[in-house]
Amino acid sequence: MSIPLWPTLWLALTALLALGLVLLVVLLPAESRRRLLGRREAQPAVIDERAQAFLAAGLLPLSDCPRDRTACLRCLQVDRCVVHRLLELGLTPGVELRVVQDNGGPMLVSVRGSRVALGRDLADNLWVEMGDRANGK
Amino acid sequence: MMTIATAPAARALSVALAGNPNAGKTTLFNALTGARQHVGNWPGKTVEKKTGALVRDALRLDITDLPGAYSLSAYSLEEVVARDFILDERPDVVVAVVDAANLERNLYLVVQLLELETPGVIALNMIDVATRQGLDFDVARLSEALGAAVVPTAARRGEGLEPIVAAIAAAAGAPRSLFRLDYGPVVESEIDALLAALAQSSLVLAYPPRWLAIKLLEDDADVAAKLAAEAGGAELLATATAARARLEAALGEDADTVLADRRYAWIHALVGRAMRAERAETLTLSDRIDRFATHRLLGIPLFLAAMWLVFKITTDLSAPWVDWLDAVLTGPLSRWMLAALGALGLGETWVASLAVDGVLAGVGSVLAFVPVLLALYFALAVLEDSGYMARGAFVMDRLMKRIGLQGRSFLPLMVGFGCSVPAIYATRTLTNQRDRVLTGLLVPFISCGARLPVYVLFAAIFFPARAGLVILGLYVLGIVVALGVGLLLQRTLLPATGEAGLVMELPPYRLPNARSIGFHMWQRTRAFLQHAASLILMTTLVIWLLTAIPLGGAGTFADTPMPESAFGRVSALAAPALRPLGFGSWESGGALITGLVAKEVVVSTLAQIHDVASATDAVGTTTFAGDLVEIVTSFGRAVVETLRAIPGLVGINLATDEAGDDAALSAALRASFEETSGGHAAAAGLAFMVFVLLYTPCMAAVAAERHELGTRWMWLSLFGQLAIAWLIALAVFQLGRLLGGG
Ligand SMILES: Nc1nc2c(ncn2[C@@H]2O[C@H](COP(=O)(O)OP(=O)(O)OP(=O)(O)O)[C@@H](O)[C@H]2O)c(=O)[nH]1
């Protein structure tokens with residue numbers, strides 16, 4: 001009766017396989033790795049001139065916009081296909097938005113009376129202006 | 001004899017309903033057409049197409065419910081379907097369904113519909129909600145600006161239906177819409193230039209010229225392709241590119257952005273004139289609920305709880321009904337059929353066997369899915385209708401993206417633990433074809449409930465001390481294989497569609513509507529019966545036929561011992577392929593083949609093949625009246641059990657009523673596996689379980705895959721899974737043999 005030994009071994013093997021796969025999933029694609037390690041550290045390494053210019057002009061990425069404050073959308077730094085989806089949902093340059101929820105993952109913003117969820121990567125590339133003008137009213 | 005319709009020739013109009021997702025199109029469609037509707041797919045697409053008719057006096061409206069879209073560009077499947085329908089089928093009237101409580105965003109699509117120059121009517125829907133929010137509309141002003149009738153409706157309450165029908169009838173006869181949105185001097189001059197260039201093209205005969213010019217400025221891929229196919233199209237495209245370049249130079253923005261911006265600016269101004277808000281927009285109730293539902297810490301646990309509930313509803317609430325159907329079919333109905341055939345003198349012939357073991361069994365395996373699907377669609381409809389489904393996708397987005405899927409993929413995979421069939425249907429809730437296919441292909445690897453009886457039997461035979469652990473291991477293995485296959489597919493056949501990221505509207509929370517949930521449950525379940533039933537029935541019949549045909553041996557048709565039937569012979573052919581896996585006997589092969597009908601059948605086939613009389617075959621003498629009473633009382637029992645299951649939905653009840661393993665079957669199986677594996681029965685038993693976990697899904701799931709994903713993907717899943725199952729079972733057996741020794 002040598003049976004009881006090896007199903008345990010087999011289970012351990014499956015578990016190892018599972019662990020390996022999970023690690024593979026999380027670690028292999030460079031994108032995911034960056035996501036895991038936190039983009040705040042990862043980003044300054046690549047000095048994006050345009051991002052610098054936007055920051056200098058007093059713009060913020062939407063992902064840094066505090067909750068419940070009104071901001072004005074200024075620039076959409078994403079591909080054409082995505083720009084298109086954003087435009088049809090009413091995210092045109094100059095529109096006013098308000099962050100309704102920010103839980104570290106996707107952002108939820110209120111725009112033209114509807115609520116739109118935007119992936120974090122996307123929100124990093126939408127530049128908004130906070131200024132008093134936007135919040136004055 | 002022919003009957004001649006005496007009614008005066010009714011005027012027939014084709015009507016299309018268009019609108020944003022969640023504007024209430026389907027509700028309006030249901031209210032207008034009632035039960036007279038047909039649900040199918042758009043040719044070649046997995047987008048649902050609903051058509052229906054409304055007859056009023058001498059007027060007949062043939063209504064098509066277009067998929068929900070935010071605009072009419074060529075960027076998503078839904079948009080393309082809606083746009084092609086309007087452009088190519090040229091409906092007599094397009095009804096734009098608009099959410100009055102969200103007017104500005106909804107008018108964006110309306111403006112584009114009007115630019116297509118088909119006669120339009122605007123249903124200002126959800127007027128009840130808007131009024132409650134203190135919004136007040138100047139309908140006449142809206143109507144004047146848009147050049148189309150505007151009719152306030154509340155589709156859910158059936159208000160405003162008659163005015164809509166009247167407006168449709170009036171619009172059909174009216175002259176072309178005069179709607180024209182002024183894009184400002186710079187854009188207008190480019191539009192004029194393009195109009196002049198387009199004048200020679202034959203496209204202007206088929207499509208509105210101004211619309212073509214605007215689309216060319218927007219660099220619309222579809223229109224560009226149409227133009228390129230024309231003579232002289234290349235020059236026109238060059239002209240368009242130049243116009244776009246000038247526009248972008250003059251205004252400093254993409255032409256796309258400029259046009260969208262102008263449309264929204266125009267709409268914003270119009271809404272400002274035609275709508276009055278009593279109070280300024282504040283944090284709505286939905287926002288406040290979302291503070292919890294999408295909370296950083298609470299969001300995921302809440303979602304998992306909701307998913308658990310869906311899973312329990314599909315399994316627990318439907319179980320009493322599945323049992324009831326099974327009892328009625330195998331009990332009274334079989335007896336009646338046999339009695340009737342007996343009265344005709346066909347009692348012990350092959351006809352009786354065909355009727356009971358072939359047809360009735362086949363019908364039974366189709367019907368068994370009906371309660372499960374009804375329960376699933378109930379749960380899905382409540383989630384969708386209340387608006388929570390979108391929140392779930394929002395919350396799970398980050399996690400699911402790690403494995404290349406979207407947040408919504410979680411639900412089908414979860415439902416897959418209950419049954420693969422509804423899980424594959426649940427992939428409909430995903431927003432794009434690629435994710436739908438990927439999720440649909442992964443679902444069968446998730447171990448469904450039907451496979452559990454096989455594990456329970458085998459684990460009890462071969463691993464009595466650690467049965468629970470082994471079964472858990474199988475579930476984990478299923479998930480791991482699904483992850484691995486998912487990764488593989490993403491790197492090969494289904495590459496990720498760009499780093500698009502999540503962009504999704506979260507509709508406000510609404511109380512789910514019983515009527516629309518009922519509609520939804522019934523229509524989807526009917527679609528299953530229409531599409532999958534024939535395939536499942538056919539498989540059952542083929543297997544019956546194979547067991548009936550004698551090949552060699554002394555048996556006659558429908559009365560032949562298993563090993564000597566065509567089925568036995570075919571199974572024997574499969575045996576050599578299974579030998580390296582440790583269970584290369586015709587008995588195992590045969591059981592696996594019947595498992596194609598439904599995985600739970602594997603156990604009963606094994607019992608049948610190993611000639612272990614099961615206790616259920618005791619046919620008592622019953623009367624017709626007794627049978628009827630039995631059907632009714634068992635129905636009542638099912639109702640009670642369903643009700644009793646409701647409180648259990650919340651808790652975990654690991655009821656292990658599956659323990660009825662016969663000693664005789666266990667012994668027979670053990671002996672058989674001992675023999676085929678050369679003394680490594682445990683390894684072979686484990687390999688068999690792994691094989692059952694991973695091999696080709698049951699016919700119902702295959703039918704669902706064909707229906708939802710298309711034939712090509714169905715074949716891939718069929719053979720791909722067989723190959724994966726074989727390889728992994730081989731590894732398990734050979735490894736087990738090496739490690740286990742004994
Ligand atoms: N209060 C109110 N609710 C409505 C009205 N019309 C529709 N609804 C609700 O709005 C929700 C969405 O309606 P649907 O008819 O499914 O919307 P749709 O436009 O077909 O959405 P898609 O199928 O996603 O394109 C449902 O919960 C309806 O019950 C209305 O006039 N008043």
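On a predicted model such as this, the values are computed, not experimentally measured, just so you know.
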Side chains of A:R112 and A:T92: is there a donor and an acceptor less than 3.5 Å apart? yes

Heavy-atom contact with chain B under 4.5 Å, split by part of A:V83: side chain

At a heavy-atom separation under 4.5 Å, does A:L108 approach chain B through its side chain, its backbone, both, or neither? both

Residue, of [options], that accumulates the most heavy atom pairs under 4.5 Å with chain A:
| options | answer |
| --- | --- |
| B:R291, B:R105, B:E79 | B:R291 |
| B:V271, B:N106, B:D219, B:D261 | B:D219 |
| B:T294, B:V395, B:D290, B:D397 | B:T294 |

How many angstroms lie between [atom1] in [X] and [atom2] in [Y], if you round to the nearest 0.5 Å?
| X | Y | atom1 | atom2 | answer |
| --- | --- | --- | --- | --- |
| B:Y70 | B:E505 | OH | CD | 4.0 Å |
| B:Y509 | B:L285 | OH | CG | 9.5 Å |
| B:D254 | B:L259 | CG | CG | 10.5 Å |

Using non-hydrogen atoms only, which part of B:Y108 is less than 4.5 Å away from chain A: side chain, backbone, both, or neither? side chain

Against chain A, label B:E104 side chain, backbone, both or neither, depending on which of its atoms sit under 4.5 Å from a heavy atom there. side chain

What verdict does the side chain to side chain contact (heavy atoms under 4.5 Å, CB included) test give for A:L89 and A:V111, after you've listed the backbone C-alpha separation in whole Å, the side-chain angles of each residue and the deciding distance to 0.1 Å? CA-CA 8 Å; A:L89 284 165; A:V111 56; 5.9 Å; no

Could you tell me whether B:K215 and B:D222 have a side-chain N and a carboxylate O separated by less than 4.0 Å? no

